[in-house]
There are 4 protein chains.
Amino acid sequence: MQLNFNSPKPIYLQMVDEVKKALARGELKPGDKIPSHKEQAQLLQVNPNTVMRAYQEMEREGLTETLRGQGTFIKNDSAILQSIRSEMAQAAVQQFIEDMRGLGIEPEEMAHMLRVTLNKEG
Amino acid sequence: MQLNFNSPKPIYLQMVDEVKKALARGELKPGDKIPSHKEQAQLLQVNPNTVMRAYQEMEREGLTETLRGQGTFIKNDSAILQSIRSEMAQAAVQQFIEDMRGLGIEPEEMAHMLRVTLNKEG
Amino acid sequence: MQLNFNSPKPIYLQMVDEVKKALARGELKPGDKIPSHKEQAQLLQVNPNTVMRAYQEMEREGLTETLRGQGTFIKNDSAILQSIRSEMAQAAVQQFIEDMRGLGIEPEEMAHMLRVTLNKEG
Amino acid sequence: MQLNFNSPKPIYLQMVDEVKKALARGELKPGDKIPSHKEQAQLLQVNPNTVMRAYQEMEREGLTETLRGQGTFIKNDSAILQSIRSEMAQAAVQQFIEDMRGLGIEPEEMAHMLRVTLNKEG
DNA sequence: GTGGTCTAGACCACA
DNA sequence: GTGGTCTAGACCACC
C-alpha cells in the first residue's frame, strides 16, 4: 500500500482507494481479513486513528464489514464489489480525456501519446 | 474557468492550472491581460485573497508579470510557456497509466478502453 | 433472546435486560435455572466472557443466585423481582414521553399516534 | 442542546440527534447557520474534534451543507428534512410498543399507562 | 475565524 | 488484541 504524504488528498482517502485498487487487481478477495487498524498503522507509519477513519469510510461505502473484537473483513455480498474495477477504470479514462481536452488535444493525439508513452516505458 | 470546491486540491492551485490550460489551448496568449484579482474574484465567486494567491503563484513560476498600475499580463519571454502544453499532457498520460496499472489493467486494454470511450462520446 | 450487536449498549447489559423482560413476561419464574454461561454463549453466538459478565451483573443486582456446582437460579426472595415489571414499564413510558417532547409533540398527539400504530399492527 | 456523557451512545451521535430534534421542533430551519465546531465545542464543553465528527456525520446524512471557510448550514433542498419529524416520532412509537410488548404488556395497558403518566406530570 | 487532517495517547467493551 | 470514542493540540487552506 503506497501513500503519498505530500498529496493534498487526505491519507485516509488514499487508503480507501488503495484497498479498492487491491480489490480491482484481485489481490484482496471477499471475505479476506484486513490488518487491524493498529497493525496497519505500524506498517504504514501512520497514526492508528487515521487508519480507523479509513476503515470507517470503507464500511460506510459498503466495502467492508466489521465484527466486534474480531476485525474488519471485505464484504462479499455487495454489488459494489463486482463493479469496482470497471467503475474506477472508467473514471480514470474520463479524467484523462477531460484533462487532455482541457489542453486542447484532439482524440487522435490522445491515443497517439498514450501509445508512445506505453512503448517508451515497455 | 471551472473550480471544484470540494476537491482536496487548493483552489488557488486549481486556478493556476486553469490558466496554464487556457495557454495550452491557445485561448490565452503572451501579452494578454488577465482580469484584476477583484474582477476575477467576483467572476469565480471566490475570495479576493484566493485570487491574489493564485496570481502570486503564477508570477513566482514566471508565467505572468505585473506592471504597476496596469495589471497582470501573460509573460512572453518565458521558456516555461513553450513547454506547458507538452508537459501537462505528458503528466496526464502518466497519471492515466499509473491509475490503470493500479487497477491491474494491461496496456492493450488501456488503449482499448480509451478508444471505446472516445467513440461513444463522439 | 434478541441482541443487537451494533447497539452502543453493551451486550452484557442487553442480556441482563432480556432476562428482566422474560421475568416481567412471566416466562422466567423465581427458582428457574438459567443456562450455564457456556451453553448460553453457544446459543447466543457470544463470547463466554460476555455471558459471565452478564451473570455477574445480575447477581450483583440481586436478581439471581449461584449455587456451587448446580448453576445459576432466579432468586425468589428479592424485593426487586416484584417491581421489575412496573419499573421497566415506567421507564419505557418516560423514555417515550421524553422522545416525543424532544420532537415538540404534544401529549394528545402522543396518545393519538400510539393508538393509530397499535390499530395498524393489530 | 443536552448531552448525556454517561450514556453508552456516542456523544457525536447524540449531537446529530439533537440537531434532528431541533429541526423537528422547528427551532432550526433550512438555511440556518449552526455554530462553528470550535464555538459549539466551548458551549457544550466538548472537544472540537467530537463536534467535527458530529457535523461530518450530519453532512453525510444530507442534513447539512458546508461552505469552505464560511460555516455549516442546514440544507434546504433535502427531502429528508421534510420527513424527519414524522420518521423520528414513528420510530419512538415503535420503540415504545416493542419495549412494552417485551414486558408482556397489552395495548390497552400501554395507552392507559401513558395517559396516567401524562396526567401526573401535567 | 472556519472547515478539515493528522498525531499522540487515554480509556472502554468485547473476543 | 480488536473495534471504537474522546481529548488535546498542531498545522493547513480558505474567508
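Each chain gets a letter, A, B and so on, in the order the sequences are listed, and its residues count up from 1.
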Which is the 5'-most and which the 3'-most nucleotide of DNA chain F that has an atom under 4.0 Å from a heavy atom of chain A?
->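 The contact span of chain A on DNA chain F goes from dT2(F) to dC6(F).
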
For R68(B), all residues meeting salt bridge (charged side-chain N to carboxylate O under 4.0 Å, His left out), sequence neighbours excluded =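 Not a single residue meets the salt bridge (charged side-chain N to carboxylate O under 4.0 Å, His left out) criterion with R68(B).
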
In chain order, what residues pass the side-chain hydrogen bond (donor to acceptor under 3.5 Å, both in side chains) check against K29(A), with sequence neighbours excluded?
->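 Per chain and number, K29(A) pairs via side-chain hydrogen bond (donor to acceptor under 3.5 Å, both in side chains) with no residue.
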
Can you list the residues that meet the side-chain hydrogen bond (donor to acceptor under 3.5 Å, both in side chains) rule with Q95(A), with sequence neighbours excluded?
->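 Once residues adjacent in sequence are excluded, the partners of Q95(A) under the side-chain hydrogen bond (donor to acceptor under 3.5 Å, both in side chains) criterion are D99(A).
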
Looking at residues at least two apart in the chain, or sitting in another chain, which of them share a side-chain contact (heavy atoms from CB on, under 4.5 Å) with [X]?
| X | answer |
| --- | --- |
| E39(D) | P35(D), S36(D) |
| M1(A) | L3(A), M15(A), E18(A), Q40(A), L44(A) |
| N49(D) | N47(D) |
| K9(A) | S7(A), L13(A), Q14(A), D17(A), P8(B) |

Let me know, please, whether R53(D) or F5(B) comes out on the 5' side of the other along DNA chain F by nearest nucleotide.
->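 This one resolves to R53(D).
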
Could you check Q14(D) against Q70(D) and say which one's nearest nucleotide on DNA chain F is further toward the 5' end?
->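 Its nearest nucleotide being more 5', the pick is Q14(D).
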
Under 6.0 Å from the NZ atom of K38(C), do we count more than 12 heavy atoms belonging to anything else shown?
->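 No.
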
Residues in contact with DNA chain F, drawn from residues 6-13 of chain D - heavy-atom cutoff 4.0 Å =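 DNA chain F contact set from residues 6-13 of chain D: P10(D), I11(D), Y12(D).
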
Closest contact, heavy atoms only, N76(A) versus P30(A) =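 The answer is CB-CB, 3.1 Å.
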
Measure across V16(B) and M58(B) and return the closest heavy-atom pair with its distance rounded to 0.1 Å.
->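 That would be CG2-CG, 3.8 Å.
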
Using a cut-off of strictly less than 4.0 Å between a heavy atom of the residue and any atom of DNA chain E, enumerate the qualifying residues of residues 35-47 of chain D by number.
->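 Residues of residues 35-47 of chain D under 4.0 Å from DNA chain E: S36(D), H37(D), K38(D).
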
Please, what dot-bracket string fits DNA chain F when only Watson-Crick and G-U pairs with both distances under 3.5 Å count, crossing ones use [ ] and pairs to another strand use |?
-> ||||||||||||||.

Between E27(B), E61(B), E87(B), which is the residue that forms a salt bridge (Lys or Arg N to Asp or Glu O under 4.0 Å) with K20(B)?
->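 Of all the options given, the one that passes is E61(B).
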
Is R101(A) salt-bridged to E98(A), going by a charged N under 4.0 Å from an acidic O?
->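 Here R101(A) does not pair with E98(A) in a salt bridge, since their nearest N and O are not under 4.0 Å apart.
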
For Y55(B), all residues meeting ring pair (Phe, Tyr, Trp, His ring centres under 6.0 Å), sequence neighbours excluded |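 Partners of Y55(B) under the ring pair (Phe, Tyr, Trp, His ring centres under 6.0 Å) test: none.
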
